[in-house]
Amino acid sequence: PRAFSGEFDGNNFIIKNLTISADAFGGLFARLGQAAIVKNLTLENVSISGGNPTGALAGVMIGASSGAAIENVHVVGGTISGKIQTGGLIGRCNEAGLKTIKNCSVIADIACVAPSGVYSASGGIVGCMENGTNLLLQDCTFTGNIHGSGGTNNDFIGGILGNARANNTELTVLSCSANIGSASGTRIGLYEINNVATSTATVENSILYLSTDNKLIANPLVNTVIAGEAQYITLTDYSFHNISSVTTSDITYTRDFAA
């Protein structure tokens, strides 16, 4: 499908009972292109079912140039289900150039089922980022359940971002929070990064709550931080609540993570 590359101002209106079923690129917009701007919109009681990628607002956010932005967009109630890459707002962000998501919230349940032998990436705001993407997430919140399953041992669950997969990605998370009621997957946290040799991440003033599950698989933030390989990652004023232990493939930490 062609990408939307204009400006959409919802003027704070509400779209109610949005129902979408798609084989791929599920969402109100299939694709948001470079310089696309979407703002001031609420989606209430959504029912989104799509393939790969899927999000309530858009399946994918692309664009090789900077300027694509989502601001003051909210999902209030409903379900979002997709395959491989699924997010509360955006299924996948890719291509170079800065993409900004600010002052957005999702209150919904997210489910992602991948085909046999394929990973799944599910995030409260964004499912997956890849291919050198520069992504800023600021003042965003997620509340709900997230469940991912696939044919591999890599089912990534993130309260904000499910997974950053490719080298040369740059992620900034500022003043975001996630309250996950229930989660299932092999790697669960605020966000997850792999292939990190040339990727960077900055996290400031962000919080992760787990309401019913009190153990994190992998790391609350990034899988390699606990292993002491955090030279490329900056963490400031982050906290975790209702979490009793953190487990990686080779070490388990048990302590009070509450701020």
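Just so you know, these numbers use all the heavy atoms, side chains as well, and skip hydrogens, waters and symmetry mates.
Shown here for S120 and S149, the closest heavy-atom pair between the two residues is OG-N, 3.6 Å. Nearest approach of N11 to D9, heavy atoms of both residues: N-OD1, 2.8 Å. When all heavy atoms of G27 and I48 are compared, the closest pair comes out as N-CG2, 4.3 Å. The shortest heavy-atom contact between G26 and A22 is CA-CB, 4.1 Å. Between A121 and G127, the closest heavy-atom pair is CB-O, 3.5 Å. Closest approach of S122 to C112, counting heavy atoms only: OG-CB, 2.9 Å.
Not one N or O on the side chain of N40 forms a donor-acceptor pair closer than 3.5 Å with the backbone of G10. A donor-acceptor pair is defined here as one N or O able to donate and one able to accept, closer than 3.5 Å; such a pair exists between the side chain of T133 and the backbone of E95. A donor-acceptor pair under 3.5 Å links the side-chain atoms of D109 to the main chain of N145, judged by distance alone.
With respect to L137, the side-chain contact (heavy atoms from CB on, under 4.5 Å) criterion is satisfied by exactly one of I160, L89, T172, L174: I160.
The side-chain heavy atoms of I84 and Y119, taken from C-beta on, include a pair separated by under 4.5 Å. Proximity of L136 to K102: side-chain heavy atoms (C-beta onward) are separated by under 4.5 Å at one or more points. Here the side chains of F25 and P53 are in contact, with some heavy-atom distance below 4.5 Å. Between V46 and I15 the shortest side-chain heavy-atom distance does not fall below 4.5 Å.
Defined by atom type and a distance below 3.5 Å, a donor-acceptor pair is missing between the side-chain atoms of N103 and D139. A donor atom on one side chain and an acceptor atom on the other are found under 3.5 Å apart for N45 and N17. Side-chain atoms of T42 and H74 include no donor-acceptor pair closer than 3.5 Å.
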Legend entry - Intermediate values then yes/no, side chain to side chain contact (heavy atoms under 4.5 Å, CB included), M129 and K99: CA-CA 10 Å; M129 60 181 288; K99 297 161 186 64; over 6 Å; no
Inset, instruction - List the steps and the verdict of side chain to side chain contact (heavy atoms under 4.5 Å, CB included) for L32 and I70. - result: CA-CA 10 Å; L32 292 177; I70 300 169; 4.0 Å; yes
Inset, instruction - For side chain to side chain contact (heavy atoms under 4.5 Å, CB included), just list the numbers for L28 and L41, CA-CA rounded to whole Å, side-chain angles, deciding distance to a tenth of an Å, and then say yes or no. - result: CA-CA 11 Å; L28 178 64; L41 178 68; 3.9 Å; yes
Legend entry - Test log, rule side chain to side chain contact (heavy atoms under 4.5 Å, CB included), inputs N52 and R92: CA-CA 9 Å; N52 181 44; R92 178 175 72 228; 4.0 Å; yes
